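Please read all numbers here as calculations on a predicted model, not as lab measurements.
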Amino acid sequence: MKQYLNLLKTILDNGTLKHNRTGIDTISYPCQFLRHDMREGFPLLTTKKVGLKTVCGELEMFIKGEHSKKFLHERNVKIWNEWCNPQKVPYSTDPEHQKLMEVEDDLGKIYGYQWNNFNDSGINQLKNAIETLKTNPTDRRMLVSAWNPLQLNEMALPPCHFCFQLISDGEYVDLIWNQRSLDAFLGGGFDLASYGMLLTLICHQVKMKPRFLAASFGDAHIYINHLEQVKEQLSREPYKLPTVKILNADKPDWTIWDWKYTDFELENYQSHPAIKAQIAI
């Protein structure tokens with residue numbers, strides 16, 4: 001995706017050095033924006049290989065309100081291994097303490113918990129947004145928030161992408177998400193694919209078509225230990241975007257809560273090889 005590559009280049013060209021809690025400095029450039037037209041293809045990066053099953057394994061956890069590493073490990077997803085509910089094991093950068101964090105299974109009241117049961121209130125924001133989309137598609141209040149100040153201290157990490165909104169004219173559905181912090185190299189392509197899949201699934205349920213997928217980024221940054229990887233990715237020419245087919249969605253009364261992370265078929269995905277980089281904890 002050219003838009004994503006342009007974002008990387010903008011950060012590199014205009015960003016400034018910033019310190020942060022991880023101890024690894026970033027090149028940071030604030031208040032960035034990205035938009036993709038889903039009618040041009042599914043937003044899966046082609047300038048490096050992205051494992052869509054890993055993306056979908058995490059997304060299934062969010063949709064179903066799960067918060068267990070075991071749930072992720074059963075789907076071969078390991079991206080949350082380093083964190084856990086700080087009420088069970090407090091956060092620390094000490095290597096020995098981090099081993100305890102890895103062993104703890106509970107991730108706390110993260111994204112999907114808030115989507116499905118905001119602040120333990122029983123309010124299912126995701127369900128309410130989808131029902132409104134069905135009954136009053138031009139409503140401008142279809143928002144789902146993962147940011148809950150009352151329970152931040154019970155989350156493995158405060159949500160980076162903290163809120164999304166659905167917008168519709170009754171035929172198309174658009175989705176915009178807001179993100180306070182973006183690890184542009186490791187997280188950018190992952191989040192694009194995740195919200196692209198979420199929008200696709202919601203459209204299947206409400207029998208509408210996905211259109212614009214957009215994001216606003218507060219602190220968009222590249223970690224300094226990712227600079228060579230970013231330069232490698234920017235040197236590659238993008239391929240044509242793939243398409244995604246959702247399996248089993250034609251069953252009567254299907255909802256996105258029935259969806260499993262393997263219930264998709266990725267078509268015509270051609271990519272450059274993966275580029276590995278270390279995550280900042």
Side-chain angles (χ1 to χ4, degrees), residues 21 54-75 77 79-91 101 104-134 139-167 173-183 187-188 190-202 205-206 213-219 255-261:
R21 63 170 181 82
T54 299
V55 174
C56 290
E58 183 194 54
L59 179 60
E60 184 187 358
M61 176 179 75
F62 292 167
I63 289 172
K64 294 180 177 175
E66 296 284 347
H67 47 93
S68 162
K69 290 181 189 175
K70 182 172 183 270
F71 182 91
L72 293 174
H73 293 167
E74 288 170 350
R75 289 150 181 78
V77 178
I79 57 176
W80 282 87
N81 282 6
E82 289 84 359
W83 296 279
C84 71
N85 184 343
Q87 298 295 317
K88 303 287 183 66
V89 182
Y91 173 80
M101 293 167 61
E104 173 56 48
D105 176 67
D106 181 27
L107 293 168
K109 297 176 180 179
I110 59 172
Y111 299 94
Y113 188 94
Q114 303 298 332
W115 291 8
N116 284 264
N117 183 19
F118 187 81
N119 201 43
D120 302 323
S121 64
I123 295 174
N124 191 322
Q125 299 181 87
L126 181 57
K127 182 178 179 181
N128 289 347
I130 291 173
E131 288 303 312
T132 302
L133 191 56
K134 288 180 180 178
D139 189 274
R140 296 182 295 227
R141 302 173 183 178
M142 295 180 285
L143 278 80
V144 176
S145 175
W147 191 267
N148 178 4
L150 296 175
Q151 295 183 327
L152 290 177
N153 63 347
E154 298 180 62
M155 302 180 191
L157 282 172
C160 293
H161 43 97
F162 59 88
C163 177
F164 69 87
Q165 179 181 1
L166 303 175
I167 306 103
V173 183
D174 310 308
L175 185 154
I176 181 169
W177 82 89
N178 296 283
Q179 189 153 344
R180 65 174 179 83
S181 175
L182 173 71
D183 177 348
F190 199 96
D191 296 331
L192 263 172
S194 182
Y195 275 106
M197 182 62 76
L198 178 62
L199 176 57
T200 301
L201 292 169
I202 289 172
Q205 183 167 339
V206 301
L213 178 69
S216 63
F217 304 116
D219 189 315
T255 73
I256 65 171
W257 290 275
D258 300 315
W259 177 76
K260 297 182 177 62
Y261 78 110

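The environment of NZ in K260 is sparse: at most 12 heavy-atom neighbours from other residues, nucleotides or ligands sit within 6.0 Å.
Identified under the salt bridge (Lys or Arg N to Asp or Glu O under 4.0 Å) test for residues 144-154, with sequence neighbours left out: K109-E154. Pairs of residues two or more places apart, or lying in two chains, never qualify as salt bridge (Lys or Arg N to Asp or Glu O under 4.0 Å) while including a residue from residues 142-152.
The closest side-chain donor-acceptor pair between E58 and W80 falls under 3.5 angstrom. Using a 3.5 Å distance cut-off with no hydrogens or angles, the side chains of Q125 and N128 do not pair a donor with an acceptor. If you check the side chains of D219 and Q179, you find no donor sitting under 3.5 Å from an acceptor.
The cationic group of R180 does not satisfy the cation-pi geometry with F217, failing either the under 6.0 Å distance to the six-membered ring centre or the 45° limit from the ring axis.
Using a 4.5 Å cut-off on side-chain heavy atoms (C-beta onward), N117 and N124 make no contact. In this structure, the side chains of W147 and N178 stay at 4.5 Å or more apart for every pair of heavy atoms. In this structure the side chain of W177 reaches within 4.5 angstrom of the side chain of L192, judged on heavy atoms. Side-chain contact check for L107 versus L72: some heavy-atom pair is nearer than 4.5 Å. Considering only heavy atoms from C-beta on, T54 stays 4.5 Å or farther from Y261 through its side chain. With contacts defined as side-chain heavy-atom distances shorter than 4.5 Å, the pair I130/Q205 qualifies. Q165 is not listed as a side-chain neighbour of R141, based on a closest heavy-atom distance of 4.5 Å or more. Inter-residue side-chain proximity for C56 and M197 is flagged as met; some heavy-atom pair is nearer than 4.5 Å.
Rounding to the nearest 0.5 Å places CD1 of I167 at 11.0 Å from CG of D139. To the nearest 0.5 Å, atoms CG (N116) and CD (E66) are separated by 9.0 Å. Expressed to the nearest 0.5 Å, how far CD1 of I110 lies from CG of L157 amounts to 8.5 Å. Distance CG/D183 to CG/D191: 9.0 Å, rounded to 0.5 Å. Interatomic distance, I176 CD1 to C163 SG, rounded to the nearest 0.5 Å: 9.5 Å. The line from CG of N119 to CG of L150 is 5.0 Å long, rounded to the nearest 0.5 Å.
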* **CA sep, side-chain torsions, deciding dist, call: V77, V55, side chain to side chain contact (heavy atoms under 4.5 Å, CB included)** => CA-CA 8 Å; V77 178; V55 174; over 6 Å; no
* Does the pair T132 and L166 meet the rule for a side chain to side chain contact (heavy atoms under 4.5 Å, CB included), with working shown? -> CA-CA 10 Å; T132 302; L166 303 175; over 6 Å; no
* Hey, mind stepping through K88 and D106 against salt bridge (Lys or Arg N to Asp or Glu O under 4.0 Å) and telling me if it holds? -> CA-CA 8 Å; K88 303 287 183 66; D106 181 27; 3.1 Å; yes
* To do: Verify side chain to side chain contact (heavy atoms under 4.5 Å, CB included) between V173 and L199, making sure each step is shown before the conclusion.
  => CA-CA 8 Å; V173 183; L199 176 57; 3.7 Å; yes
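Salt bridge absent: E131 and K127 never bring a charged side-chain N and a carboxylate O closer than 4.0 Å. Contact check on E60 versus R75 returns a salt bridge, with a Lys/Arg side-chain nitrogen under 4.0 Å from an Asp/Glu carboxylate oxygen.
Nearest heavy atoms, A146 versus Q114: O-CG, 3.6 Å. Scanning all heavy atoms of the two residues, the minimum distance from D105 to S68 falls at OD2-OG, 2.8 Å. Counting all heavy atoms, side chain and backbone alike, K64 lies closest to W259 at NZ-O, 3.2 Å. Considering every non-hydrogen atom in both S181 and C160, the closest pair reads O-CB, 3.6 Å.
Residue W115 forms a ring-ring contact (aromatic ring centres under 6.0 Å, His included) with just one option from F164, F162, W257, and that option is F164.
Proximity of a side-chain donor or acceptor of N85 to a complementary backbone N or O of A156 within less than 3.5 Å is not detected. The backbone N or O of N81 sits less than 3.5 Å from a side-chain atom of K69, completing a donor-acceptor pair.
Outside the 6.0 Å centre-distance limit, the rings of Y111 and H67 are not counted as a close aromatic pair.
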